[in-house]
*Asks:* 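Structure below; questions to follow.
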Amino acid sequence: MFAAARKITTATNCYQKTSNVLKTGLKNNRKFNTNKQIISTYGLTQKAFSHDVEINIQFLYENQETVMNILKEGKLESKINYDITYYDNVPQNEVLPEYAEVAKNRAATTNEYNFTTKDSWLMKIKHEGKEALEWRMTYPFVESNKSHLKEPLVSRAPMYTNALGDREIRRYLNLQQDMTQEARTGKKLATLEEDLRNRLGVVPFATYKVTESSITIHPKLDMANLQVILYDTSFGYKLGKLVCFVQNINKELAAELADHLQRILKVAGIKPLVQPHARKLIEEYLYRNRKDTHYKAMEQAGLRDDRLMDKEYAKEQLSKALETKGKTLEADEE
């Protein structure tokens, strides 16, 4: 799930084939679906240095069997287990206990929650049965010097870029190394974790286990991989996603696909499970464990407003946001 393979595919062919699939569903959808942010929050993630995109819509569930019964034709393709650890500039008393001693000697910084308040998430993943660690950093996608952080929270469609692995993360964080140092001095190069701590003051602040189940569903989309992914965490939170993986796609077509996924949610029977503005896994972890500090910093940075989880309140706020643009709220699609 964490890496999207990049293939040589002409963008024109991809747009044409995907558009053909959507044509029937979209031809009558001539006006912007202003209600989609009330129905659910959809997100878009693009792999760094490519145009491979993941579009997703979140929902909550109680158990996997219920979801499988709803999907009917859904097929469980895989189930994987992993530990995930998050990193940021946090106060000493919020450092994970096993890292507390070494964190005392980290680089000094006055920017607490520096990644979090920019809606950026640095994580280390350890898959069950594998020795190798997987590093990933997710941060807002920027186009024309704008990101989703500039949009009102009530109508925001989060769009992210993924930096995968040591090299891409170092490039993004400006943590490049002198690769000749080891040969010249005999001193071993620092690991990414060491450089994060010693150069940026970034240390682990959260960790939990995840069981991730991937379910294929129908209908299938040409040139796109459509799945339901269920996340079951060790702290009791269960979150599902309807996910569409597409290669070489532009922002406009991604928005159209997001609207199409709303219709698939309804057809598949998952729509009743959707919680407006549901918290992501790490957000829920912080809500339960750091509500008055780390989670509060998210609220103060304009990343969370839990009042929007109430549909009527969200409707009211969205209506106000649209009025400033001379638009009105369309009726709900049932």
Side-chain angles (χ1 to χ4, degrees), residues 1-2 37-45 54 56-64 66-67 79-88 90-91 93-97 112-113 115-126 136-140 148-149 153-154 156-160 162 204-214 228-243 265 270 272-311 313-314:
M1 127 134 209
F2 296 114
Q37 293 305 319
I38 288 181
I39 298 172
S40 69
T41 298
Y42 82 82
L44 183 151
T45 303
E54 170 198 312
N56 66 75
I57 298 177
Q58 298 184 153
F59 60 91
L60 302 181
Y61 72 100
E62 292 185 1
N63 58 71
Q64 182 175 307
T66 299
V67 178
K79 180 175 285 190
I80 59 175
N81 299 305
Y82 52 87
D83 295 341
I84 187 164
T85 303
Y86 283 85
Y87 291 70
D88 202 346
V90 296
N93 65 344
E94 293 185 18
V95 179
L96 290 180
E112 290 185 350
Y113 314 122
F115 292 158
T116 302
T117 52
K118 296 175 182 176
D119 202 11
S120 299
W121 304 94
L122 176 60
M123 63 205 82
K124 179 178 69 178
I125 302 107
K126 174 65 171 66
R136 178 172 66 147
M137 184 156 195
T138 299
Y139 52 91
H148 64 256
L149 299 180
L153 184 57
V154 68
R156 183 180 298 173
M159 301 179 65
Y160 297 96
N162 271 348
F205 67 85
T207 188
Y208 50 84
K209 297 180 182 296
V210 180
T211 296
E212 177 185 313
S213 302
S214 298
V228 166
I229 301 179
L230 304 180
Y231 303 94
D232 188 352
T233 68
S234 57
F235 61 92
Y237 189 54
K238 293 179 172 64
L239 183 70
K241 287 183 181 180
L242 175 62
V243 181
L265 270 177
I270 301 175
L273 302 180
V274 170
Q275 162 68 58
H277 298 273
R279 300 184 191 99
K280 295 183 290 189
L281 300 185
I282 183 59
E283 291 175 343
E284 182 68 18
Y285 177 94
L286 293 176
Y287 178 79
R288 297 186 185 194
N289 296 281
R290 301 280 190 275
K291 186 176 180 180
D292 296 328
T293 53
H294 205 150
Y295 191 80
K296 185 176 180 180
M298 291 183 58
E299 294 176 315
Q300 293 173 336
L303 301 180
R304 287 294 310 177
D305 181 353
D306 288 347
R307 294 174 297 177
L308 294 174
M309 297 172 75
D310 177 81
K311 186 174 180 178
Y313 178 81

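The figures that follow rest on heavy atoms only: side chains count, while hydrogens, waters and symmetry mates do not.
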*Asks:* Can you name the residues that form a ring-ring contact (aromatic ring centres under 6.0 Å, His included) with Y285, not counting sequence neighbours?
*Replies:* Y208, F235
*Asks:* Run the side chain to side chain contact (heavy atoms under 4.5 Å, CB included) check on I270 and I57 step by step: do they pass?
*Replies:* CA-CA 11 Å; I270 301 175; I57 298 177; over 6 Å; no
*Asks:* Who passes side-chain hydrogen bond (donor to acceptor under 3.5 Å, both in side chains) against K209, sequence neighbours left out?
*Replies:* D83
*Asks:* Of the non-hydrogen atoms in I282 and A206, which two are nearest, and what is the gap between them?
*Replies:* CD1-CB, 4.0 Å
*Asks:* Taking atom CG of D292 as the centre, report whether more than 12 heavy atoms of other residues, nucleotides or ligands fall under 6.0 Å from it.
*Replies:* no
*Asks:* Just checking, any donor-acceptor pair under 3.5 angstrom between side chains of Y113 and Q300?
*Replies:* no
*Asks:* Suppose we screen for side-chain hydrogen bond (donor to acceptor under 3.5 Å, both in side chains). Which residues come up paired with D119, at least two apart in sequence or across chains?
*Replies:* W121, H148, Y160
*Asks:* On a heavy-atom basis, which atom in S120 and which in Y139 lie closest, and how many Å separate them?
*Replies:* OG-CB, 3.4 Å
*Asks:* Looking only at heavy atoms, what is the nearest atom pair of Q64 and S213, with distance?
*Replies:* OE1-OG, 3.1 Å
*Asks:* Among residues at least two apart in sequence or on other chains, which ones pass side-chain contact (heavy atoms from CB on, under 4.5 Å) with D305?
*Replies:* L153, R307, L308, Y313
*Asks:* Do side-chain atoms of T138 reach the backbone of N162 as a donor and acceptor pair under 3.5 angstrom?
*Replies:* no
*Asks:* Go through the steps for R288 and Y237 under the test side chain to side chain contact (heavy atoms under 4.5 Å, CB included), then give the verdict.
*Replies:* CA-CA 10 Å; R288 297 186 185 194; Y237 189 54; 3.9 Å; yes
*Asks:* Please name all residues satisfying side-chain hydrogen bond (donor to acceptor under 3.5 Å, both in side chains) with K238, sequence neighbours left out, ordered by chain then number.
*Replies:* none
*Asks:* Roughly how far apart are N289 CG and Y287 OH, rounded to 0.5 Å?
*Replies:* 12.0 Å
*Asks:* CD1/I84 to NZ/K126 distance, rounded to the nearest 0.5 angstrom?
*Replies:* 14.0 Å
*Asks:* Should N56 and I229 count as side-chain neighbours, where that means a heavy-atom distance under 4.5 Å?
*Replies:* no
*Asks:* Assess whether atom NZ of K124 is packed by more than 12 heavy atoms of other residues, nucleotides or ligands within 6.0 Å.
*Replies:* yes
*Asks:* Rounded at 0.5 Å granularity, tell me how far CD in E94 sits from CZ in R290.
*Replies:* 5.0 Å
*Asks:* Indicate yes or no for a side-chain donor-acceptor contact from D88 to the backbone of T116 under 3.5 Å, with no hydrogens or angles considered.
*Replies:* yes
*Asks:* Any chance you could measure L286, atom CG, to L281, atom CG, to the nearest 0.5 Å?
*Replies:* 11.0 Å
*Asks:* Between Q275 (side chain only) and M309 (backbone N and O only), is there a donor and an acceptor less than 3.5 Å apart?
*Replies:* yes
*Asks:* Please give me the minimum heavy-atom distance between A278 and R304, naming the atom from each residue.
*Replies:* O-NH1, 3.7 Å
*Asks:* For L242 and V228, what are the C-alpha separation, side-chain angles and deciding distance, and is it a side chain to side chain contact (heavy atoms under 4.5 Å, CB included)?
*Replies:* CA-CA 5 Å; L242 175 62; V228 166; 4.0 Å; yes
*Asks:* Starting at NZ of K241, measure out to CG of L230 and round the result to the nearest 0.5 Å.
*Replies:* 11.5 Å
*Asks:* State the OG1-NE2 distance between T117 and H294, to the nearest 0.5 angstrom.
*Replies:* 8.0 Å
*Asks:* How far apart are the C-alpha atoms of L303 and L149, what are their side-chain angles, what is the distance that settles it, and do they pass the side chain to side chain contact (heavy atoms under 4.5 Å, CB included) test?
*Replies:* CA-CA 8 Å; L303 301 180; L149 299 180; 3.6 Å; yes
*Asks:* For R279, what residues pass the side-chain hydrogen bond (donor to acceptor under 3.5 Å, both in side chains) criterion, not counting sequence neighbours?
*Replies:* E284, Y295, D306
